[in-house]
Amino acid sequence: MENKASARRFEGKVAIVTASTQGIGFAIAERLALEGASVVISSRKQENVDEAVEKLKSKGIQALGVVCHVSNAQQRKNLINKTIEQYGKLDVFVSNAAVNPFKIPLLQTEESVLDKLWETNVKSSVLLLQDAAPYLQKGSSVLFISSLAGFQPLPTMAMYGVTKTALLGLTKALAAEMAPNVRVNCVAPSFIPTRFASHVTADEAAKKAYEELTLLKRLGTVDEIAAAAAFLASDDASYITGETLIIAGGTSSRL
Ligand code: NAP
């Protein structure tokens, strides 16, 4: 599925997507922009930010690019400040950054790695929202990117799964705290071919095994995640808050 936007649900709206220079974050930013949003692209590396902004420009989309390592307090504040300077408001905040150390059993994971997982995947989302919240208003919406692994941690990346479980709780807690003006939701994708998942998707046998776990017999695409994200962030989901939408082609998950 290609990023297809027939609606204009974000006309006049301003959206920040963290970790958005490629993969799922980029696809979400592109989708929101195609539907009319002014989008802010960010990630750790200036060259990646510049490249992503150029890529959008080549598709006729103007975007603001700001470097933001989500674990850096100064850069988090700068991301929000630059957005407000440029656009004067903020309507949609998508918290997408995560790290994913692979094949380290939980009981052998060093404390520094546990700290990094917690800091990048969970804590930075809370701190970013502390900075963003003063600018969110009635009708604004927040979206977290969890994972199917948040429901069932995989043995090869168990602690990553645990941090994604934490985002399910964070979604509920912040939805209550930010109600009634701001909605807070979450999406939980299964494996999607991106750089992040390349350790699985580059291995044909592993890829096939994950395809077989789905009812649709294929892996999803970044644009399919973006389409669901755009729905939850839009007024079409105006009576949905505190929810997580699993996007996994029917892979067994929960009732
Ligand atoms: P990806 O294609 O590898 O892209 C990762 C993006 O994050 C890049 O733009 C990268 O740019 C940026 N980034 C990495 N660390 C960052 C940090 N500390 N601060 C700011 N930006 C950072 O990854 P993806 O697959 O799209 O994953 C995005 C999200 O989807 C993650 O939360 C992941 O857990 C979730 N997810 C992915 C899958 C999957 O199978 N792909 C499944 C379920 C959930 P720089 O290198 O320039 O920083």
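Quantities reported herein were computed from a predicted structural model and do not represent experimental measurements. Just so you know, ligand 1 is whichever comes first in the structure, and atom 1 is the first atom listed for that ligand.
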Subject >> Part of Ser190 within contact of ligand 1 (heavy atoms, under 4.0 Å) >> reply: backbone
Subject >> Atom pair CG (Leu129) and CD1 (Ile80), whose distance is rounded to the nearest 0.5 Å >> reply: 8.0 Å
Subject >> atom 48 (O) of ligand 1: nearest protein contact (heavy atom, Å) >> reply: Arg44 NE, 2.7 Å
**OP:** Could you check whether the rings of Phe196 and Tyr160 sit parallel, tilted or perpendicular, using 30° and 60° as the cut-offs?
**Re:** tilted
Subject >> Which residue and heavy atom of the protein sit nearest atom 38 (C) of ligand 1, plus the separation >> reply: Ile24 CD1, 4.0 Å
**OP:** Starting at OG of Ser6, measure out to CG of Leu34 and round the result to the nearest 0.5 Å.
**Re:** 11.0 Å
Original post:
More than 12 heavy atoms of other residues, nucleotides or ligands under 6.0 Å from CD of Gln152: is that the case?
Top reply: no
Subject >> Residue of the set Arg183, Lys138, Arg8, Lys13 for which salt bridge (Lys or Arg N to Asp or Glu O under 4.0 Å) holds with Asp235 >> reply: Lys13
Enumerate donor-acceptor pairs with a distance under 3.5 Å from any side-chain N or O in residues 40-55 to protein atoms, sequence neighbours excluded.
| from | atom 1 | to | atom 2 | distance (Å) |
| --- | --- | --- | --- | --- |
| Ser43 | OG | Thr21 | OG1 | 3.1 |
| Gln46 | NE2 | Asp50 | OD1 | 2.9 |

Original post:
So is Ile192 close enough to ligand 1, meaning a heavy atom under 4.0 angstrom away?
Top reply: yes
**OP:** Provide the number and element of each atom of ligand 1 under 4.0 Å from a heavy atom of His69.
**Re:** 18 (N), 19 (N)
**OP:** Could you pull out, from Ala52, Pro189, Ala19, the option with a heavy atom nearest to atom 43 (C) of ligand 1?
**Re:** Pro189
Subject >> Numbered atoms and elements of ligand 1 in range of Lys45, under 4.0 angstrom, heavy atoms >> reply: 46 (O), 47 (O)
Original post:
Say you draw a straight line from CG of Leu79 to OG1 of Thr18; how long is it, rounded to the nearest 0.5 Å?
Top reply: 8.0 Å
**OP:** Just go through Phe144, Phe26, Tyr160 and tell me whose heavy atom is the nearest to atom 33 (C) of ligand 1.
**Re:** Tyr160
**OP:** Not counting sequence neighbours, list each pair that qualifies as a side-chain hydrogen bond (donor to acceptor under 3.5 Å, both in side chains) and has a residue in residues 120-136.
**Re:** Lys77-Asp131, Ser95-Ser125, Asn121-Thr163
Subject >> N/O separation below 3.5 Å, Asn48 to ligand 1 >> reply: yes
Original post:
Backbone N or O of Glu224 within a donor-acceptor pair of the Arg31 side chain at under 3.5 Å?
Top reply: no
Original post:
Is there a donor-acceptor pair under 3.5 Å between the side chain of Asn185 and the backbone N or O of Thr244?
Top reply: no
Original post:
Does Gly25 reach ligand 1 with a nitrogen or oxygen that is under 3.5 Å from one of the ligand's nitrogen or oxygen atoms?
Top reply: no
**OP:** Run the numbers for me: atoms of ligand 1, each under 4.0 Å from some heavy atom of Cys68, listed by number.
**Re:** 19 (N), 20 (C)
Original post:
What atoms in ligand 1 come closer than 4.0 Å to a heavy atom of Thr21?
Top reply: 8 (C), 9 (O), 11 (O), 47 (O)
Subject >> Nearest protein heavy atom with distance in Å, relative to atom 27 (O) of ligand 1 >> reply: Phe196 CG, 3.9 Å
**OP:** With heavy atoms of Ser146 as the reference, note each atom of ligand 1 found under 4.0 Å away.
**Re:** 43 (C), 44 (C)
Subject >> Short side-chain to backbone donor-acceptor contact, Ser20 and Phe26, under 3.5 Å >> reply: no
**OP:** Examine ligand 1 and decide if any of its atoms is less than 4.0 Å from a heavy atom belonging to Lys164.
**Re:** yes
**OP:** For atom 32 (O) of ligand 1, state which one of Asn96, Val200, Val222 supplies the nearest heavy atom.
**Re:** Asn96
**OP:** If you have a sec, work out which protein heavy atom is nearest atom 25 (O) of ligand 1 and how many Å separate them, to one decimal?
**Re:** Thr194 OG1, 2.5 Å
Subject >> Proximal ligand 1 atoms for Gly23, defined as those under 4.0 Å from one of its heavy atoms >> reply: 2 (O), 26 (O)
Subject >> Gap separating the CD1 atom of Ile145 from the CG atom of Leu167, nearest 0.5 angstrom >> reply: 9.5 Å
Original post:
Closest non-hydrogen protein atom to atom 47 (O) of ligand 1, residue and atom name please, with distance?
Top reply: Ser43 OG, 2.6 Å
Original post:
Between Val187 and Val39, is there a shared hydrophobic cluster once you connect ILVMFWY residues whose side-chain heavy atoms come closer than 4.5 Å?
Top reply: yes
Original post:
Do ligand 1 and Phe191 have nitrogen or oxygen atoms that lie under 3.5 Å from each other?
Top reply: no
Original post:
What residue and atom, counting heavy atoms only, is the protein's closest point to atom 5 (C) of ligand 1, and at what distance?
Top reply: Arg195 NH2, 4.0 Å
**OP:** For atom 4 (O) of ligand 1, grab the closest protein heavy atom and report residue, atom and distance to one decimal in Å.
**Re:** Gln22 CG, 3.5 Å
**OP:** State the CD1-OG distance between Ile24 and Ser147, to the nearest 0.5 angstrom.
**Re:** 8.5 Å
Subject >> Protein heavy atom at shortest distance from atom 19 (N) of ligand 1 >> reply: Val70 N, 3.1 Å
